[in-house]
Amino acid sequence: MFEGPRPRNRAGQTFLATFNAFGVAMQARRTTQMMKDHGIDGVPTMAVQGSCEVSGDLARTPTDERFLQAVDELVDRVHARQASAR
């Protein structure tokens with residue numbers, strides 16, 4: 001919940017009301033819990049199927065393109081595992 005100075009214009013008031021809304025607060029809590037559950041402690045990080053995780057450090061990839069290639073590889077592995085389980 002934001003507890004700073006009150007916005008002076010209507011757009012700022014609308015944003016603040018939305019930001020402080022119950023649904024937004026619940027989603028933020030769920031996201032924080034999910035990050036704790038997955039052990040995510042930095043960005044960029046992507047979890048794939050809840051069992052695989054790629055971070056900038058893990059992939060040793062300094063560029064977005066190579067990071068996303070590592071994620072795509074994990075997605076392909078998950079799909080292959082699911083297909084063989086059928």
Side-chain angles (χ1 to χ4, degrees):
M1 180 162 211
F2 178 77
E3 295 182 6
R6 303 286 304 155
R8 293 183 212 172
N9 61 27
R10 184 85 168 147
Q13 292 168 356
T14 301
F15 171 81
L16 192 57
T18 303
F19 183 81
N20 289 330
F22 177 76
V24 173
M26 288 302 298
Q27 185 64 41
R29 282 189 202 104
R30 273 193 283 169
T31 301
T32 300
Q33 186 60 48
M34 190 181 339
M35 289 175 62
K36 287 179 184 177
D37 292 346
H38 286 284
I40 296 172
D41 58 1
V43 293
T45 301
M46 284 192 157
V48 178
Q49 195 66 24
S51 60
C52 306
E53 183 182 300
V54 178
S55 71
D57 292 337
L58 262 174
R60 296 189 185 131
T61 55
T63 65
D64 292 340
E65 183 179 330
R66 292 192 61 202
F67 176 81
L68 293 175
Q69 286 172 349
V71 172
D72 286 342
E73 183 179 325
L74 286 175
V75 169
D76 291 343
R77 287 183 190 178
V78 168
H79 285 165
R81 199 177 331 148
Q82 289 173 343
S84 68
R86 290 182 195 162

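Please read these numbers as outputs of a predicted model, since none were measured by experiment.
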Grouping ILVMFWY residues whenever side-chain heavy atoms fall under 4.5 Å, the cluster of Met26 otherwise contains Phe22
Non-hydrogen atoms of Phe19 and Val24 that approach each other most closely: O-CG1, 3.5 Å
With salt bridge (Lys or Arg N to Asp or Glu O under 4.0 Å) as the rule and sequence neighbours excluded, what pairs involving residues 26-45 come up? none
Measure the spacing between CD of Gln27 and OG1 of Thr32 and express it to the nearest 0.5 Å. 9.5 Å
The reported gap from CE in Met46 to CG in Leu68 (rounded to nearest 0.5 angstrom) is 5.5 Å
Sequence neighbours excluded, which residues qualify as side-chain contact (heavy atoms from CB on, under 4.5 Å) partners of Met35? Thr31, Ile40
Which donor-acceptor pairs under 3.5 Å do side chains of residues 75-86 form with protein atoms, sequence neighbours excluded?
residue, atom, partner, partner atom, Å
Arg77, NH2, Glu73, OE2, 2.5
Ser84, OG, Ala80, O, 3.4
Ser84, OG, Arg81, O, 3.0

Does Arg8 have any side-chain contact (heavy atoms from CB on, under 4.5 Å) partners at least two apart in sequence or in another chain, and if so, which? none
